[in-house]
Amino acid sequence: MIYILLKMGVRMRDLKDIKRVILKIGSSSLVDDKLNIKKDVLDKLMCSFKNLIDKGIEICLVTSGAIALGRGELGLKKKPTEMALKQACAAIGQAKIMEYYNEASKKYGLLCGQILVNHDDFQVRNRMKFLAQSLEAMLSNKVIPIVNENDVLAVEEIKVGDNDTLSSLLVPVIGADLLILFSDIDGLYDKNPKEFSDAKFIDTVSKVDKDIYKMVGVNKSNVGTGGMETKLNAAIIATQAQGNMIICNSNRISDLEKIIEGEQIGTLFIAKKHLISSKEHWMIYRVKASGALVIDNGARDALNNKKVSILPKGIISVKGEFLSDSIINVIDEDGNLIAKGISNYSSSEIELIKGKKSSEFLGNKFTKEEVIHANNLVIIREDILC
Ligand code: GLU
């Protein structure tokens with residue numbers, strides 16, 4: 001097939017050995033302006049899934065659209081702002097969307113199963129293990145997992161917040177080779193194509209750095225919002241977990257098989273070859289820091305040169321309250337995030353020993369010299385922005 005396409009002059013990507021694919025589809029691609037499901041989209045999806053599963057490719061689908069469908073069922077013209085009403089919409093819409101997926105999959109002899117997750121399920125190691133094993137069991141039985149955030153119970157502290165990030169967090173959980181984000185944009189441009197007629201389409205990205213964020217109008221040091229930023233964040237998380245990622249327009253859903261074969265559709269973010277370990281990936285992207293240490297410039301410079309332990313004498317102050325063994329941020333005096341690591345001490349213990357030399361605090365209560373040992377520390381370089 002690839003040979004025929006090459007002969008026809010179709011430009012192909014080198015996407016070899018794709019076995020596991022996660023697809024994410026956004027609300028606007030699934031639900032129309034009148035808040036009805038787009039049944040033709042579901043039909044195209046299931047038709048492609050059938051062909052891919054027959055070829056031995058495993059598929060996991062991350063779906064949005066529950067809140068929009070719930071609004072439709074409740075007859076709400078405007079997006080609810082009240083949390084409780086949003087949760088009610090999610091409860092109604094999630095049941096509805098599964099009804100539609102079951103109906104569409106049955107037509108092609110496929111079986112779907114629902115998985116609802118929150119951030120905790122990626123953060124707590126045991127829960128991640130249960131999530132991974134249920135996904136594995138479904139995939140090996142050719143069942144399509146249909147995943148969404150558990151919006152009904154997603155209070156601020158435990159929510160992921162958007163399905164771009166959620167789908168990228170699933171990449172290391174199932175060892176996916178490819179994540180495809182279907183949305184209402186074609187991919188990445190060097191400037192906003194709605195404002196600039198000379199905006200150039202970017203076919204391939206090998207590194208998501210600050211310049212890429214600038215292209216989409218996001219300054220990474222500010223807290224930004226907006227569709228493209230969450231997609232770039234997802235690209236970092238997925239590619240650092242050795243997954244490729246493609247952003248493409250949902251009007252290309254019927255080309256899903258061609259996309260997986262490597263036809264140049266959408267923007268490809270290439271999987272990283274030099275991996276961070278799975279423990280580092282977990283610490284950086286999947287665990288929310290419980291607090292922070294502010295270190296002095298000497299300690300910062302030592303960390304810039306190589307991975308060294310954080311000792312009390314380099315600590316200026318402690319932010320937040322946390323217990324020992326918590327994951328915390330390490331920031332410099334200007335507030336820049338330098339590293340993340342597992343703390344040997346609680347925040348109140350660090351308050352007692354900060355700024356001190358080892359000989360001044362080591363004793364029966366304080367048995368460890370390091371607040372964060374080098375083996376439990378990951379340095380945040382530019383290419384692992386978080
Ligand atoms: N989980 C939300 C829903 O099902 C959508 C979140 C998102 O699209 O990022 O409505």
Side-chain angles (χ1 to χ4, degrees), residues 22-39 41-42 45 60-102 104 112-122 131 144-171 173 179-185 216 218 223-238 245-250 253 285-286:
I22 299 173
L23 274 113
K24 180 258 166 177
I25 181 149
S27 301
S28 59
S29 308
L30 277 174
V31 181
D32 67 18
D33 293 344
K34 294 195 173 118
L35 304 176
N36 292 316
I37 192 83
K38 296 181 184 173
K39 285 199 176 178
V41 173
L42 295 196
L45 271 179
C60 172
L61 179 69
V62 176
T63 189
S64 301
I67 296 177
L69 280 180
R71 268 174 63 204
E73 292 293 309
L74 276 178
L76 301 175
K77 291 214 168 67
K78 284 194 188 139
K79 282 189 186 170
T81 46
E82 190 202 329
M83 182 69 174
L85 194 53
K86 238 192 245 178
Q87 289 170 303
C89 287
I92 298 162
Q94 185 61 37
K96 211 68 208 157
I97 206 160
M98 283 313 295
E99 194 180 308
Y100 292 129
Y101 277 120
N102 280 326
C112 297
Q114 170 185 272
I115 299 194
L116 298 177
V117 290
N118 286 127
H119 198 276
D120 279 21
D121 299 302
F122 297 98
L131 173 63
I144 304 160
I146 310 272
V147 187
N148 195 2
E149 180 143 32
N150 191 358
D151 295 305
V152 181
L153 301 179
V155 291
E156 204 53 52
E157 302 82 68
I158 58 157
K159 77 176 174 194
V160 178
D162 67 271
N163 278 354
D164 293 330
T165 308
L166 191 149
S167 51
S168 67
L169 291 173
L170 282 172
V171 170
V173 176
L179 165 64
I180 305 174
L181 302 182
F182 277 120
S183 97
D184 52 4
I185 46 168
V216 301
V218 176
V223 180
T225 51
M228 209 52 187
E229 184 183 8
T230 63
K231 288 174 180 53
L232 294 183
N233 294 344
I236 292 179
I237 299 172
M245 188 183 107
I246 292 173
I247 301 176
C248 75
N249 201 308
S250 58
I253 277 178
Y285 302 117
R286 284 173 267 163

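In listed order, ligands and their atoms are each counted from 1.
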Margin query: Is a donor from one side chain sitting under 3.5 angstrom from an acceptor on the other, for T63 and N148?
Written below: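 No, because no side-chain N or O of T63 sits under 3.5 Å from a partner of the opposite role on N148.
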
Notebook entry, point to check: Does a donor on one side chain and an acceptor on the other come within less than 3.5 Å for E149 and N118?
Noted result: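 Side-chain D/A pair, E149 to N118: present.
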
Could you go through ligand 1 and list every pair where one of its N or O atoms sits under 3.5 Å from a protein N or O, giving the atom names and the distance to one decimal?
unit_1: ligand 1; atom_1: 1 (N); unit_2: N148; atom_2: OD1; d: 2.9
unit_1: ligand 1; atom_1: 1 (N); unit_2: D151; atom_2: OD2; d: 2.7
unit_1: ligand 1; atom_1: 4 (O); unit_2: G65; atom_2: N; d: 3.4
unit_1: ligand 1; atom_1: 4 (O); unit_2: A66; atom_2: N; d: 3.1
unit_1: ligand 1; atom_1: 4 (O); unit_2: N148; atom_2: ND2; d: 2.8
unit_1: ligand 1; atom_1: 8 (O); unit_2: S64; atom_2: OG; d: 2.8
unit_1: ligand 1; atom_1: 9 (O); unit_2: N163; atom_2: N; d: 2.8
unit_1: ligand 1; atom_1: 10 (O); unit_2: A66; atom_2: N; d: 3.3
unit_1: ligand 1; atom_1: 10 (O); unit_2: I67; atom_2: N; d: 3.0

Check: Can you name the residues that form a salt bridge (Lys or Arg N to Asp or Glu O under 4.0 Å) with K159, not counting sequence neighbours?
Finding: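 Testing K159 for salt bridge (Lys or Arg N to Asp or Glu O under 4.0 Å), a comparison that skips the adjacent residues, returns E156.
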
Next item on the list: Just jot down the salt bridge (Lys or Arg N to Asp or Glu O under 4.0 Å) partners of D120, sequence neighbours excluded, or say none.
Entry: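 Expected list: R127.
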
Note to self: Per the salt bridge (Lys or Arg N to Asp or Glu O under 4.0 Å) rule, what does the pair list look like for residues 76-101, sequence neighbours excluded?
What the structure shows: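 For residues 76-101: K96-E99.
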
Notebook entry, point to check: Stepwise, does the side-chain contact (heavy atoms from CB on, under 4.5 Å) test hold for Y100 with L30?
Noted result: CA-CA 11 Å; Y100 292 129; L30 277 174; over 6 Å; no

